[in-house]
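Since the structure comes first, as structure tokens, the remarks are kept for the end.
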Amino acid sequence: MAAFGKDMHIDAPELLSQRRRLTDTVATALMWVLYSYLWAPFISLLAWILGFEFAYDVMIRAGGAQGLVEILKFYGVVLACIFVVILSWSLVSRYRFAARDRRQVARITTNAEMAEYFALEPGDLQKLRGARIAVVSISSDGHIEQIDVREQVNGHN
């Protein structure tokens, strides 16, 4: 097995299904919306401190500094809940996966083992590997009866 560094990162998004990519994109968009929503009180406070009139109007209508304190308390509780959820998730994942290298080197199957498993002649196995389109007839007991190669990988029949 080749020696890889501990910082090896495999990036192959093309291996993800379309549904998984869509799910990840939607989840990312929702998290960005939530993140920007959590910054709203800080931005309003900054605008109020800098003297923007609209921020002042919002603060007066919302109850002034008392309203700001209540909103900040609410956001503090939400932030604490998010922190607890992420910390819990991290601890559970660490418990489940830390110090356990579940990766194993796959044993290479030889052509003879493959042919024996599927009860094929060695020539049939080579025909299947070289076929782009093949029709395989399977008996009722699950054994391969016939192999008909319709098109080879290189385009010749």
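FYI, side chains are in, hydrogens and waters are out, and symmetry mates aren't considered; it's all heavy atoms of this structure. None of these values were measured; they are calculated from a predicted model.
Scanning for ring-ring contact (aromatic ring centres under 6.0 Å, His included) contacts around Tyr37 gives Tyr75, with sequence neighbours left out. In this view, Leu45 and Trp48, Ile49, Leu68 satisfy the side-chain contact (heavy atoms from CB on, under 4.5 Å) rule, not counting sequence neighbours.
Hydrophobic clustering keeps Val77 apart from Leu34 (ILVMFWY residues linked when any side-chain heavy atoms are closer than 4.5 Å, directly or through intermediates). One hydrophobic cluster holds both Leu38 and Ile86 under the rule that ILVMFWY side chains link at heavy-atom gaps under 4.5 Å. Linking ILVMFWY residues whenever their side-chain heavy atoms come closer than 4.5 Å, directly or via other members, leaves Leu79 and Phe74 in distinct clusters. Hydrophobic clustering places Phe118 together with Val149 (ILVMFWY residues linked when any side-chain heavy atoms are closer than 4.5 Å, directly or through intermediates). Follow the hydrophobic side-chain contacts under 4.5 Å out from Tyr35 and you never reach Val85; the two are in separate clusters.
Separating the OH atom in Tyr117 from the CG atom in Leu125 is a distance of 14.0 Å, to the nearest 0.5 Å. Here Leu16 contributes atom CG and Leu22 contributes atom CG; the two are 12.0 Å apart, rounded to the nearest 0.5 Å. Distance check, rounded to the nearest 0.5 Å: CG of Asp124 to CD1 of Ile144 gives 8.5 Å. For the atom pair CD1 of Ile82 and CG of Leu87, the computed distance is 13.5 Å after rounding to the nearest 0.5 Å. The distance from the CD1 atom of Ile133 to the CZ atom of Arg150 is 8.5 Å, given to the nearest 0.5 Å. Between Ser137 atom OG and Gln146 atom CD the span is 5.0 Å, to the nearest 0.5 Å.
In plain terms, the two heavy atoms of Gly130 and Gln152 that are nearest each other are O-OE1, 2.6 Å. When all heavy atoms are compared, the tightest approach of Ile108 to Glu113 is O-OE1, 4.1 Å.
The number of heavy-atom neighbours closer than 6.0 Å to CZ of Phe97, taken from other residues, nucleotides and ligands shown, is above 12. For Glu121, the CD atom sits in a loose shell: 12 or fewer heavy atoms of surrounding residues, nucleotides or ligands are nearer than 6.0 Å. Counted within 6.0 Å of CD on Glu116, heavy atoms from surrounding residues, nucleotides or ligands total 12 or fewer; the atom is thus considered open.
Sorted by first and then second residue, the pairs that involve residues 21-32 and meet side-chain hydrogen bond (donor to acceptor under 3.5 Å, both in side chains), not counting sequence neighbours, are Arg20-Asp24.
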